[in-house]
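Single-structure report; data block below.
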Amino acid sequence: MAFLGKRILLGVTGGIAAYKAAEVARRLIGAGARVKVVMTRSAQEFVGPLTFAALTGEKVATAMFGPASEPLEHVALGQEVDAIVVAPATANFIGKVAGGIGDDLLTTIMLAATRPVLICPAMNAGMWANLVVQGNLARLKGRGLMVMEPAAGPLACGAVGLGRLPEPDLIVEAVAGLLSPQDLTGRQVLVTAGPTHEDFDPVRFLTNRSSGKQGYALARVAWRRGAGVTLVSGPTSLPAPYGVKYVAVRSARDMGVEVKARFPEVDVLLMAAAVSDYRPTQAEVRKIKRSQEEMAFHLTQNPDILKQVAGLKSGQIVVGFAAETHDLEAEARRKMREKHLDLIVANDVNRPDSGFQVDTNEVTLIPRIGAPVPLPLLSKEEVAAKILDQVVALLETRDGDHAKNT
Ligand code: PMT
């Protein structure tokens, strides 16, 4: 959603990771962006402009002095797009931008750029550790450019260390941050996601159908909008979202411990996890053997995490979900009252395209004060954005009330 109709300038400089920039371009386009590629001369030693032209459907800019029809291309390019990403960015390029040098098309674009910029350094580990390079990066950050940390691993020179270009998905996620409104800057947001696993024995557990997709979408979108995000996640097969502090848990009790420990430090709790209401009364230490024809298990109620944090509230906005198969709004309102929530997301889990596991969701947002907001079927990221719009409004009201009372 962040990319629909957006125009991105992708700068490619001369490192071995230049080939990975083709995948970055492909994914940006896949997400809905239009991509204009600018390559330095040394980038073209590693990968040809034709590759990018074919992927983006646009002419690749490589030279400072173009045709007479576009005499000031270098100035206009960095001002017309919605964001600029340079991947990979070499130590040489970073040094030139830090020093205000514009001796080719890409560095000159950077001098005239007025749009948000993401720099993705990729280089040998020794170069990365070089104090001059680090000083140059600090200067770029000081000027408001976003700099992505390189990944660790085997490098093209044979060494192992920090310096690899981050995976294309992570770069795309960081660009999404550049394109999003920064209305959660300075806020701390705690998100829970996924199912819990409640053990019967070392190999079997009680769980539910939650994939974590809705909670992870909330964490991603909150980070893009400037929040500091902690994601407490039950077991899922999803990768940890970029930029987010990730805490893996298994059981409802583990999740409760992590949420309660972090709750006093946050502004917002978004409780999207499908927490198991019950656990086996006794978890066997050894695998339960096949024996009699029928077996019965005793279950014990798990603590209700939302009810527990209600007692710790000191101004936090608390959002719960209600996954329901019937009496959607009435059940959601009951849970909102019992759990002292500011907002509840009533989630219809009857439809095959809504609720558990799928990429879309149909929900009604029910605030404690005010009218319910039924939403159409949307992607889980779009649902996350709508929830966060309401959270931003609730935070503003809270801050306004606080200012009046002090
Ligand atoms: O993960 P996905 O596949 O994307 O699916 C998304 C979802 C359907 C899991 C999600 O959108 C959702 O509806 N999550 C809440 C599911 C749920 O368990 O609802 P509930 O009605 O049982 O619980 C109500 C609220 O209390 C929830 O916010 C829940 O996190 C919280 N709770 C529940 C039990 C418990 N012991 N402690 C809690 O805090």
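As the structure lists them, so they are numbered: ligands from 1, and atoms in each ligand from 1.
If you look at A323 next to ligand 1, the close heavy atoms, those under 4.0 Å, come from the backbone and the side chain alike. When non-hydrogen atoms are compared, ligand 1 lies under 4.0 Å from the side chain of K339 (C-beta onward) but not from its backbone. The side chain of N347, and not its backbone, has at least one atom closer than 4.0 Å to an atom of ligand 1 (non-hydrogen atoms only; side chain from C-beta on). Using a 4.0 Å cut-off between heavy atoms, A272 contacts ligand 1 through its backbone alone, with no side-chain atom that close. At a 4.0 Å heavy-atom cut-off, ligand 1 does not touch K307 at all. For D277, every heavy-atom contact with ligand 1 shorter than 4.0 Å involves the side chain, none the backbone.
Distances between N or O atoms of I305 and those of ligand 1 include at least one value under 3.5 Å. Annotation: R209 places no N or O atom under 3.5 Å from an N or O atom of ligand 1; distance criterion only. The shortest N or O to N or O distance between L306 and ligand 1 is below 3.5 Å. Residue contacts with ligand 1: P303 is placed with a nitrogen or oxygen under 3.5 Å of a nitrogen or oxygen of the ligand (distance criterion only). The shortest N or O to N or O distance between F321 and ligand 1 is under 3.5 Å.
Under a 3.5 Å cut-off, the side chain of Q390 and the backbone N or O of K386 do not form any donor-acceptor pair. Looking only at distances, no side-chain donor or acceptor of T364 sits under 3.5 Å from a matching main-chain atom of A346. With R224 contributing its side chain and S180 its backbone, the two residues share no donor-acceptor pair below 3.5 Å. Remark: side-chain polar atoms of N208 are not paired, donor with acceptor, to backbone N or O of V275 under 3.5 angstrom. The backbone N or O of K6 lies less than 3.5 Å from no partner atom in the side chain of R34, so there is not a single donor-acceptor pair.
Checked by atom type, the side-chain pair D348/S354 shows no donor-acceptor distance below 3.5 Å. In this model, no donor atom of one side chain and acceptor atom of the other lie less than 3.5 Å apart for Q44 and S42. With no hydrogens or angles considered, no side-chain donor-acceptor pair links K213 and Q357 at under 3.5 Å. Residues T281 and T300 have side chains that bring a donor and an acceptor to within less than 3.5 angstrom of each other. A donor atom on one side chain and an acceptor atom on the other are found under 3.5 Å apart for Y216 and S233.
When all heavy atoms are compared, the tightest approach of G243 to W223 is O-CD1, 3.5 Å.
Taking a 4.0 Å cut-off on heavy atoms, G212 registers as neighbouring ligand 1.
Listed by number with element, the atoms of ligand 1 under 4.0 angstrom from any heavy atom of S210 are 1 (O), 2 (P), 3 (O), 9 (C). Each of the following atoms of ligand 1 lies closer than 4.0 Å to a heavy atom of Q214: 4 (O), 6 (C), 11 (O). Close contacts between ligand 1 and K380 involve ligand atoms 2 (P), 3 (O), 4 (O), 5 (O) [criterion: under 4.0 Å to a heavy atom]. Ligand 1 places these atoms under 4.0 Å from at least one heavy atom of D304: 35 (C), 36 (N), 37 (N), 38 (C), 39 (O). Every atom of ligand 1 is numbered from 1 in the order shown, and the set under 4.0 Å from a heavy atom of M271 is 27 (C), 28 (O), 30 (O), 39 (O). Listed by number with element, the atoms of ligand 1 under 4.0 angstrom from any heavy atom of Q357 are 2 (P), 3 (O). Heavy-atom proximity to K213, at under 4.0 Å, picks out these atoms of ligand 1: 1 (O), 2 (P), 4 (O). In summary, the atoms of ligand 1 found under 4.0 Å from a heavy atom of G320, numbered by their order in the structure, are 28 (O).
Cation-pi geometry between R27 and F3 is not met at under 6.0 angstrom from the ring centre and within 45 degrees of the axis.
Among protein heavy atoms, atom 29 (C) of ligand 1 sits closest to A273 O, 3.5 Å. Taking atom 21 (O) of ligand 1 as the reference point, the nearest protein heavy-atom neighbour is K335 NZ, 2.4 Å.
For F297 and F200, the distance between ring centers is under 6.0 angstrom.
Between G256, S211, A274, it is A274 that holds the heavy atom closest to atom 18 (O) of ligand 1.
Salt-bridge formation is detected for the pair E23/R26: a Lys NZ or Arg NE/NH1/NH2 atom is positioned less than 4.0 Å from an Asp or Glu carboxylate oxygen.
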